[in-house]
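We number each residue from 1, following the sequence as shown.
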Amino acid sequence: MKHEIKKLEKSAVEIVMTLSKEEFAPIKNEILVSAQKTVEVPGFRKGHAPIDQIEAKYAEGIKEELTDKVLKKYFADVVKAEDLKPVSPMYNVNVKMDEETFEVTFSVDVFPEVTLGEYKGIEIEKTVFEMTDDKLNEEIERMLNSKAELKDAEEGYKAQMGDTVDLAFEGFVDGVAFEGGKADSHLLKLGSKMFIDTFEEQLVGYTAGQEGEINVTFPAEYHAANLAGKPATFKVKINAVKLLNKPELNDEFAKANGFESVEDLKAKKSEEVAKRGEDNAKNENRGKMLKKITEASTVEVPQSLVIREVEAKLADLEQQLMMQGMDLNGYLKMTGMTMDTIYNQLAPMSENKVKMDLILDKIATEEKLEVSEEEIAEKTAEVAKMYGMTPEILKEELDKTKKYDSFINSLKTDLLMSKAIELIEANAK
């Protein structure tokens with residue numbers, strides 16, 4: 001078997017394998033003999049049809065099976081000969097076959113070459129968190145708001161931005177009601193931008209029981225093509241205007257929320273805010289350093305790794321939506337987005353994430369960083385504790401789906417990257 005290889009963009013390669021008749025004929029014959037036992041050809045008893053007629057009748061299927069067997073037999077040889085590290089399945093597979101030659105051309109993404117820029121002695125302007133009374137007061141205010149309850153406003157109260165309305169509505173385009181445009185009772189916080197265009201702004205000044213019409217225009221890229229870009233009229237009725245009834249900050253409130261007193265609440269919340277602020281400042285500084293290193297390094301990110309990262313982020317989004325009692329389709333409908341819109345939003349940040357991971361991996365290799373068995377065991381115990389398990393039970397559960405090895409490899413990768421980041425931070429100015 002002869003092969004040729006050509007580098008493509010985004011760390012992909014095109015490979016051409018060429019087999020002589022002596023190399024591919026035995027494989028093809030094996031397929032034909034096997035097919036002869038099972039396929040049926042009109043005019044012949046099962047298992048007795050001539051090989052040439054089987055080949056003529058099932059040419060495409062035999063060609064596909066031959067291609068599959070050739071790739072499985074020889075791809076590893078090419079990988080070894082060219083020292084490749086594939087990171088994607090084969091794609092763009094094309095076959096040319098005649099009596100004397102079998103040629104298969106395909107592409108595959110490979111682990112990219114990474115050229116590191118300077119990663120020691122990085123200079124950044126340091127962000128420092130400073131704890132203040134205002135920051136503590138903002139935190140307590142958020143806590144009070146989170147415990148607030150919606151109460152019906154007094155009769156005659158006019159809705160304002162920030163208020164919540166219990167709304168009945170029905171939407172019409174060209175005078176015809178459209179699917180999904182009706183509700184008898186829907187809680188809507190004015191200013192939340194959950195509804196399209198200026199829908200929410202037009203409800204300002206409405207009182208409980210008031211009816212009216214809202215005129216809006218659907219976004220040009222709205223997920224429902226029959227509504228995209230079209231003007232619409234919504235008939236609305238305010239069932240109720242609701243205001244947040246915020247509790248008072250006193251010892252009774254503090255005790256009800258697990259604190260001994262207002263003073264204890266303030267002290268512990270102050271510690272929380274300071275810890276969070278310091279962590280955020282650390283992460284911001286880390287981000288500045290990593291950005292500098294990324295800009296100074298060169299790496300062609302394989303498209304397959306970007307897609308994999310996008311899919312991981314989508315899975316996280318679906319998990320978050322599920323916890324909120326919503327699915328992805330409902331989210332798209334509510335936001336007026338499409339899967340293409342979400343992909344286009346996630347792709348750039350996903351590519352940056354993959355690029356940074358590749359750079360950190362290269363730094364870990366250059367610096368000969370290693371992870372000990374004790375570190376892996378400690379991290380495994382942390383993860384197990386998060387799920388209310390022991391490390392042994394976690395292993396049993398992951399072994400059921402044969403995911404334990406990939407779990408350990410993922411932990412090892414995360415720990416190596418953390419060590420690479422710590423090295424960068426230790427040498428930064």
Side-chain angles (χ1 to χ4, degrees), residues 10-11 79 83-88 109-124 278-313 315-316 346 349-387 389 391-392 394-395 397-399 401-429:
K10 296 185 180 295
S11 196
V79 167
D83 194 25
L84 301 176
K85 295 179 182 177
V87 296
S88 79
D109 292 349
V110 296
F111 197 86
E113 295 179 7
V114 180
T115 304
L116 290 174
E118 185 58 55
Y119 59 90
K120 291 183 178 179
I122 295 293
E123 293 186 8
I124 62 162
E278 288 163 4
D279 287 345
N280 288 341
K282 181 179 179 180
N283 288 334
E284 188 175 332
N285 291 326
R286 177 176 290 178
K288 291 176 183 178
M289 288 183 281
L290 295 180
K291 186 181 180 204
K292 272 200 165 186
I293 294 168
T294 302
E295 290 171 347
S297 302
T298 304
V299 53
E300 285 193 39
V301 179
Q303 191 63 22
S304 56
L305 294 186
V306 176
I307 292 171
R308 199 176 302 170
E309 182 64 25
V310 169
E311 289 172 348
K313 290 184 185 302
D316 288 343
L346 294 178
M349 64 181 78
S350 296
E351 183 166 358
N352 289 337
K353 167 73 165 53
V354 173
K355 184 176 182 181
M356 191 69 256
D357 288 349
L358 291 167
I359 290 169
L360 290 173
D361 177 79
K362 181 70 172 180
I363 291 172
T365 302
E366 290 289 312
E367 296 292 331
K368 297 181 173 58
L369 302 178
E370 295 181 350
V371 176
S372 68
E373 293 297 325
E374 292 76 11
E375 288 171 317
I376 292 175
E378 184 180 338
K379 192 67 178 177
T380 301
E382 285 180 21
V383 175
K385 187 177 180 181
M386 283 171 53
Y387 291 99
M389 301 179 184
E392 293 75 20
L394 176 64
K395 183 178 186 304
E397 290 299 313
L398 290 170
D399 277 339
T401 52
K402 298 181 179 179
K403 290 182 178 178
Y404 185 70
D405 288 343
S406 62
F407 166 74
I408 293 299
N409 287 335
S410 178
L411 282 189
K412 184 177 179 180
T413 299
D414 290 345
L415 287 167
L416 276 173
M417 290 190 178
S418 293
K419 288 192 172 190
I421 291 171
E422 288 167 6
L423 182 145
I424 293 165
E425 288 176 326
N427 288 277
K429 297 179 182 178

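- The backbone N or O of Gly117 sits less than 3.5 Å from a side-chain atom of Ser297, completing a donor-acceptor pair.
- Counting only heavy atoms from C-beta outward, the side chains of Tyr119 and Glu367 approach each other to under 4.5 Å.
- Closest approach of Pro86 to Val79, counting heavy atoms only: CG-CG2, 3.9 Å.
- Under the 4.5 Å side-chain criterion, counting only non-hydrogen atoms from C-beta, Leu346 is not in contact with Glu309.
- Atom OG1 of residue Thr413 and atom CG of residue Asp361 lie 7.5 Å apart, to the nearest 0.5 angstrom.
- Note that OG1 of Thr294 and CG of Leu116 are 10.5 Å apart. Values are rounded to the nearest 0.5 Å.
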Could you walk me through whether Ile408 and Thr380 pass the side-chain contact (heavy atoms from CB on, under 4.5 Å) test, one step at a time?
CA-CA 8 Å; Ile408 293 299; Thr380 301; 3.9 Å; yes
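- Screening residues 419-428 for salt bridge (Lys or Arg N to Asp or Glu O under 4.0 Å), with sequence neighbours left out, gives Arg286-Glu425, Glu375-Lys419.
- In terms of heavy-atom proximity, Val87 sits nearest to Phe111 at CG1-N, 3.8 Å.
- For the pair Lys292 and Glu295, the salt-bridge criterion is not met [side-chain N within less than 4.0 Å of a carboxylate O].
- Counting heavy-atom neighbours within 6.0 Å of Lys313 NZ, excluding the residue itself, gives a total above 12.
- The CD atom of Glu370 sits 8.0 Å away from the NZ atom of Lys412 when rounded to the nearest 0.5 Å.
- Considering only heavy atoms from C-beta on, Ile363 stays 4.5 Å or farther from Glu366 through its side chain.
- Taking CD1 of Ile122 as the start and CD1 of Ile293 as the end, the distance is 4.5 Å to the nearest 0.5 Å.
- Atoms CG and CG, from Asn352 and Leu290 in turn, are 11.5 Å apart once rounded to the nearest 0.5 Å.
- Counting only heavy atoms from C-beta outward, the side chains of Ile376 and Val371 approach each other to under 4.5 Å.
- Side-chain contact between Val114 and Ile359 is present, with at least one heavy-atom pair separated by less than 4.5 Å.
- Side chain of Ser410 to backbone of Ser406: no donor-acceptor contact under 3.5 angstrom is found.
- Side chain of Asp109 to main chain of Pro302: no donor-acceptor pair is present (N/O by atom type, distance under 3.5 Å, no hydrogens or angles).
- In this structure the side chain of Lys353 reaches within 4.5 angstrom of the side chain of Asp357, judged on heavy atoms.
- Taking every heavy atom of both residues into account, Pro112 and Leu358 meet most closely at CG-CD1, 3.6 Å.
- In this structure, Ser350 OG and Lys355 NZ are separated by 14.5 Å, a value rounded to the nearest 0.5 Å.
- Remark: Lys288 pairs with Ile124, Thr127, Glu284, Asn285 by the side-chain contact (heavy atoms from CB on, under 4.5 Å) rule, at least two apart or across chains.
- Around atom CD of Glu113, no more than 12 heavy atoms belonging to other residues, nucleotides or ligands sit under 6.0 Å away.
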For salt bridge (Lys or Arg N to Asp or Glu O under 4.0 Å), just list the numbers for Glu382 and Lys379, CA-CA rounded to whole Å, side-chain angles, deciding distance to a tenth of an Å, and then say yes or no.
CA-CA 5 Å; Glu382 285 180 21; Lys379 192 67 178 177; 3.6 Å; yes
